Novice: 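Sharing a structure, written as structure tokens. Questions coming.
Residue numbers start from 1 in every chain, and the chains themselves are labelled A, B, ... in the order their sequence lines are given, proteins ahead of strands. Small disclaimer: the values here were computed from a predicted structure and weren't measured.
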2 protein chains.
Amino acid sequence: MSRINGQVRIVGAGLLGTSLGLALVKKGIDVIISDTSRASQALAIDYGAGRSAQSGDDPVLTVVCVPPDYTAGVVAAELAAFPNAIVTDVASVKQSVLHELQQSGIDISNYVGSHPMAGRERSGAVAGRADLFIARPWVVVPHQSSNSVGVDLVTDLALEVGSIPTLMEPIEHDHAVAAVSHVPQLVSSLLAARLLSTSAQEISLAGQGLRDTTRIAASDPGLWVQILSANAGQVAPVLIDLAADLNSVIAALTDINAGGSLTTISRTIEAGNRGVERIPGKHGGGYTNYATVVAMIDDKPGELARLLTEIGQIGINLEDLKLEHSPGAQIGLVELSVLPEAEAKLVEDLTGLGWRLA
Amino acid sequence: MSRINGQVRIVGAGLLGTSLGLALVKKGIDVIISDTSRASQALAIDYGAGRSAQSGDDPVLTVVCVPPDYTAGVVAAELAAFPNAIVTDVASVKQSVLHELQQSGIDISNYVGSHPMAGRERSGAVAGRADLFIARPWVVVPHQSSNSVGVDLVTDLALEVGSIPTLMEPIEHDHAVAAVSHVPQLVSSLLAARLLSTSAQEISLAGQGLRDTTRIAASDPGLWVQILSANAGQVAPVLIDLAADLNSVIAALTDINAGGSLTTISRTIEAGNRGVERIPGKHGGGYTNYATVVAMIDDKPGELARLLTEIGQIGINLEDLKLEHSPGAQIGLVELSVLPEAEAKLVEDLTGLGWRLA
């Protein structure tokens, strides 16, 4: 039994639109998928993400899955074309879309914004997956005149595809994603850009810390210009605060023997300690200090599986697992995170089974 | 057959000293381990990381493994106590140690600096592991009057414990670690500190990007004050360049409609793209764009092992693997990185075996 009774119309056959179509078709819902690019639309339909529009379509819900810059215009067109349908969108900024709609003067009581926190490093219909939204937060963002039918329907949409719906005001949403997504993106990009003036030999000393802090610096510039410019008002103040802290650190390092310099540096690292502790861990709980055990494996197919099979037989659940890269070596280091109380047994049993621990 | 003929004396029984002792004892080398803390020394000896000093000791090599602030003083004392021994250290900054030694006016031809790029999130003798150095870069840092015997012996030490030796000048080393380690540490701390003014509900939207960029913000303030203050001269200029870029971004975001603002943001993300591409991938090769396939597993012991066993049977080698945290969900997402040419087969075979791919 589906939570959604009626047709769902998806506008935009990129990664999110196609994935949403695949997920809803799987649930037996009649999905109409449309894109201004005939090729993208045909590909999404071939994939099984829906059917093309036809006269007499009467959707209960339209989901606008186009880039942020085009979202408000398409939402307005959909509200006009299907006055009985609820319209939502998936843009990763919410205030700018809403303001543009409000300024147009049209009735937007059938509009409810939303933002599924799902994505992949690849884009386009080809990357679409029915399970993209599973276990991801999906922010539902009503405005003052959104009707309750719309809020319920968008919440049902999130639940239907396996997401975890969270209700937020537009400004709350934009403030939140500035902090947890947009600022980290810019900071990672700025940090990675420093490597352009670092020699190859110097970069060869890179460890996991550099890799982790710069991974998202590989993101798409075109998309991020749209996101960051649409949320500039929320991102700039966070960066201004960060710049103030950065300037304090620079002043301290530039005159390291001055009174207070060491305190400034110590307080910076300590504030980071407290900040990172606020990030929730697995299963929605608070930050957990897992115990980590590092095992060495030969870098060939099946070795990691053999290790994990034996850990499974020991009966210990892994909370996290990371493969560490080892430039120049043909050996892999596997960082196993477990609950602290499981560490001693894991070490003892793995050692007993002949695994080398680092 | 060991590359090192003679006694090795280790001063400082923390994580690095104890790990080094364990590694060398395993190779049959006579290791003397010493610490100003009797308890730490006794623990390291109990662990099997060496024996206590006795009259008549005649080391060929002394390795000073004390915190950066104490390194030069201990190196000088060792050079005086054992005039026939080569002395090295493992401090993560090299110019400040050398300058302090040069200013003391003693003969330092037997001194060769070094820096094994190895560590763990835990510290102390208890965290010591014989295999800590395997597959890690070990920077050997001679100075103008270092003798060649010393350079060879420290290189042999690195090889003996499984590290990959790299020769660098002191300033090269300090410039390199500023870029790949010290600046990322400060930037991660500054970014994580912003979360102190973010609400718990907002942080609940955190994805893998925030986790990756802030992981090293959990590092020890006491140690980092020593490292950063000792390398302030190399770290500050990089941060000043980063601050200039950051100010450009802030100016662009603050007046997003001004001419050039979008270009500034686009160039920032693009520069990050090019920077991150310079980080070497696994096996010492250049940056590789692996294909990633995301599989879903139930969050219970043995599921990950079962998945990896089947991947091993398919015959595909994993280049990287990451477990993704899913706040609020009891399902795990496993990101599998493989060579691009292996992706299609992996997707087809895993799907055929009944795995759900995201």
Novice: Between B/Ala192 and A/Gly272, which heavy-atom pair has the shortest distance, and what is it?
Specialist: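 So the two residues come closest at CB-O, 3.5 Å.
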
Novice: Measure distances from A/Gln313 to the heavy atoms of chain B and classify the residue's part below 4.5 Å as side chain, backbone, both or neither.
Specialist: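 Interface part for A/Gln313: neither.
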
Novice: Keeping B/Arg129 on the side-chain end and A/Val294 on the backbone end, is there a donor-acceptor pair under 3.5 Å?
Specialist: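 Checking the backbone N and O of A/Val294 against the side chain of B/Arg129, no donor-acceptor pair under 3.5 Å is found.
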
Novice: I'd like to verify something: which residue of A/Val187, A/Ile240, A/Leu242, A/Thr214 has the highest number of heavy-atom pairs under 4.5 Å with chain B?
Specialist: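 When all of A/Val187, A/Ile240, A/Leu242, A/Thr214 are compared, A/Leu242 has the most.
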
Novice: Using non-hydrogen atoms and a 4.5 Å limit, figure out which bit of A/Ser219 sits close to chain B: side chain, backbone, both or neither.
Specialist: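 Contact with chain B involves the backbone of A/Ser219 alone.
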
Novice: Over all heavy atoms of both residues, which pair between A/Pro137 and B/Ser204 is shortest? Give the atoms and the distance, please.
Specialist: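 So the minimum-distance heavy-atom pair works out to CG-O, 4.2 Å.
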
Novice: Which region of A/Val249, side chain (C-beta onward) or backbone (N, CA, C, O), has a non-hydrogen atom less than 4.5 Å from a non-hydrogen atom of chain B, or is it both or neither?
Specialist: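 Contact with chain B is through the side chain of A/Val249 alone.
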
Novice: If you count heavy-atom pairs within less than 4.5 Å of chain A, which of B/Ala130, B/Ala232, B/Ser199, B/Pro221 leads?
Specialist: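 If we count pairs closer than 4.5 Å to chain A, B/Pro221 comes out on top.
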
Novice: Using every non-hydrogen atom in the two residues, find where B/Leu210 and A/Pro184 come nearest and quote the distance to one decimal.
Specialist: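 That would be CD1-CG, 3.6 Å.
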
Novice: Mind listing the closest non-hydrogen atom pair of B/Gly275 and A/Leu196 along with its distance?
Specialist: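 Closest approach of B/Gly275 to A/Leu196: N-CD2, 3.8 Å.
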
Novice: Please identify which of these residues, A/Asn247, A/Leu190, A/Leu186, meets the side-chain contact (heavy atoms from CB on, under 4.5 Å) condition with B/Leu246.
Specialist: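 Going through A/Asn247, A/Leu190, A/Leu186 one by one, the side-chain contact (heavy atoms from CB on, under 4.5 Å) with B/Leu246 is satisfied by A/Leu190 alone.
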
Novice: Would you check if B/Leu357 and A/Asp131 make a side-chain contact, meaning some heavy-atom pair closer than 4.5 Å?
Specialist: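 No - every pair of side-chain heavy atoms lies 4.5 Å or more apart.
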
Novice: With chain A, which of B/Met168, B/Arg274, B/Arg306 has the greatest number of heavy-atom pairs at distances under 4.5 Å?
Specialist: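 That would be B/Met168.
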
Novice: In terms of heavy-atom proximity below 4.5 Å to chain B, should A/Ala200 be classed as side chain, backbone, both, or neither?
Specialist: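 Contact with chain B is through both the backbone and side chain of A/Ala200.
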
Novice: Where does B/Leu167 contact chain A at under 4.5 Å (heavy atoms): side chain, backbone, both or neither?
Specialist: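 Only the backbone of B/Leu167 comes within 4.5 Å of chain A.
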
Novice: Any salt bridge linking A/Asp212 with B/Arg215? Criterion: basic side-chain nitrogen under 4.0 Å from a carboxylate oxygen.
Specialist: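 Answer for the salt bridge query: yes.
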
Novice: If we define contacts as heavy-atom pairs under 4.5 Å, which of A/Val225, A/Asn273, A/Leu308 has the most with chain B?
Specialist: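 Most heavy-atom pairs within the cutoff with chain B belong to A/Asn273.
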
Novice: Evaluate B/Leu195 against A/Glu277 for side chain to side chain contact (heavy atoms under 4.5 Å, CB included), listing each step before the verdict.
Specialist: CA-CA 9 Å; B/Leu195 298 177; A/Glu277 280 172 13; over 6 Å; no

Novice: Which bit of A/Leu223 is near chain B, if near means a heavy-atom gap under 4.5 Å: side chain, backbone, both or neither?
Specialist: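 Looking at A/Leu223, nothing touches chain B.
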
Novice: In terms of heavy-atom proximity below 4.5 Å to chain B, should A/Ile203 be classed as side chain, backbone, both, or neither?
Specialist: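 When you check distances to chain B, atoms from both the backbone and side chain of A/Ile203 fall under 4.5 Å.
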
Novice: Quick check for you: among B/Arg267, B/Gln185, B/Glu270, which has the greatest number of heavy-atom pairs under 4.5 Å with chain A?
Specialist: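 Option with the greatest count: B/Glu270.
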
Novice: Answer with side chain, backbone, both or neither: which region of A/His115 has an atom nearer than 4.5 Å to a non-hydrogen atom of chain B?
Specialist: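 Neither part.
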
Novice: Could you have a look at B/Asn257, B/Asn231, B/Val183, B/Leu191 and say which one has the most heavy-atom pairs with chain A under 4.5 angstrom?
Specialist: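 Top count of heavy-atom pairs under 4.5 Å with chain A: B/Leu191.
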
Novice: Would you mind checking which part of A/Arg194 comes under 4.5 Å of any heavy atom in chain B, side chain (CB onward), backbone (N, CA, C, O), both or neither?
Specialist: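 Just its side chain gets close to chain B.
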
Novice: Flag the one option from A/Asp241, A/Ile216, A/Val235 with the top tally of heavy-atom pairs under 4.5 Å to chain B.
Specialist: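 Going by pairs under 4.5 Å, I would pick A/Asp241.
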
Novice: With a 3.5 Å cut-off and no angle check, do the side chains of A/Ser188 and B/Thr213 form a donor-acceptor pair?
Specialist: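 A/Ser188 vs B/Thr213: no donor-acceptor pair found between side chains.
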
Novice: Top residue by heavy-atom pair count (under 4.5 Å) with chain A, among B/Ile265, B/Leu239, B/Asp220, B/Thr166?
Specialist: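 The residue among B/Ile265, B/Leu239, B/Asp220, B/Thr166 with the greatest pair count is B/Leu239.
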
Novice: Identify the two heavy atoms, one from B/Ala176 and one from A/Leu205, that lie closest to each other, and give their separation to 0.1 Å.
Specialist: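 Heavy atoms only, the tightest pair is CB-CD1, 4.0 Å.
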
Novice: Counting heavy-atom pairs closer than 4.5 Å to chain A, which one of B/Met117, B/His173, B/Gln226, B/Glu172 comes out on top?
Specialist: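 Looking at each option in turn, the highest pair count goes to B/Glu172.
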
Novice: Could you measure the distance from the CD1 atom of A/Ile269 to the CG atom of B/Leu228? Nearest 0.5 Å is fine.
Specialist: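 Reported to 0.5 Å precision, the distance equals 5.5 Å.
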
Novice: First locate atom CD of B/Glu202, then atom CG of A/Asp174, and finally report the distance between them rounded to the nearest 0.5 Å.
Specialist: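 Reported value, rounded in 0.5 Å steps: 10.5 Å.
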
Novice: Could you tell me which of A/Ile314, A/Asp245, A/Leu307 has the largest number of non-hydrogen atom pairs under 4.5 Å with chain B?
Specialist: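 Answer, by heavy-atom pair count under 4.5 Å with chain B: A/Asp245.
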
Novice: Which region of A/Glu310, side chain (C-beta onward) or backbone (N, CA, C, O), has a non-hydrogen atom less than 4.5 Å from a non-hydrogen atom of chain B, or is it both or neither?
Specialist: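 Answer is neither: A/Glu310 stays 4.5 Å or more from chain B.
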
Novice: Hey, is the main chain of B/Pro280 close enough, under 3.5 Å, to the side chain of A/Arg211 for a donor-acceptor pair?
Specialist: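 Flag set: sc A/Arg211 to bb B/Pro280 pair under 3.5 Å.
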
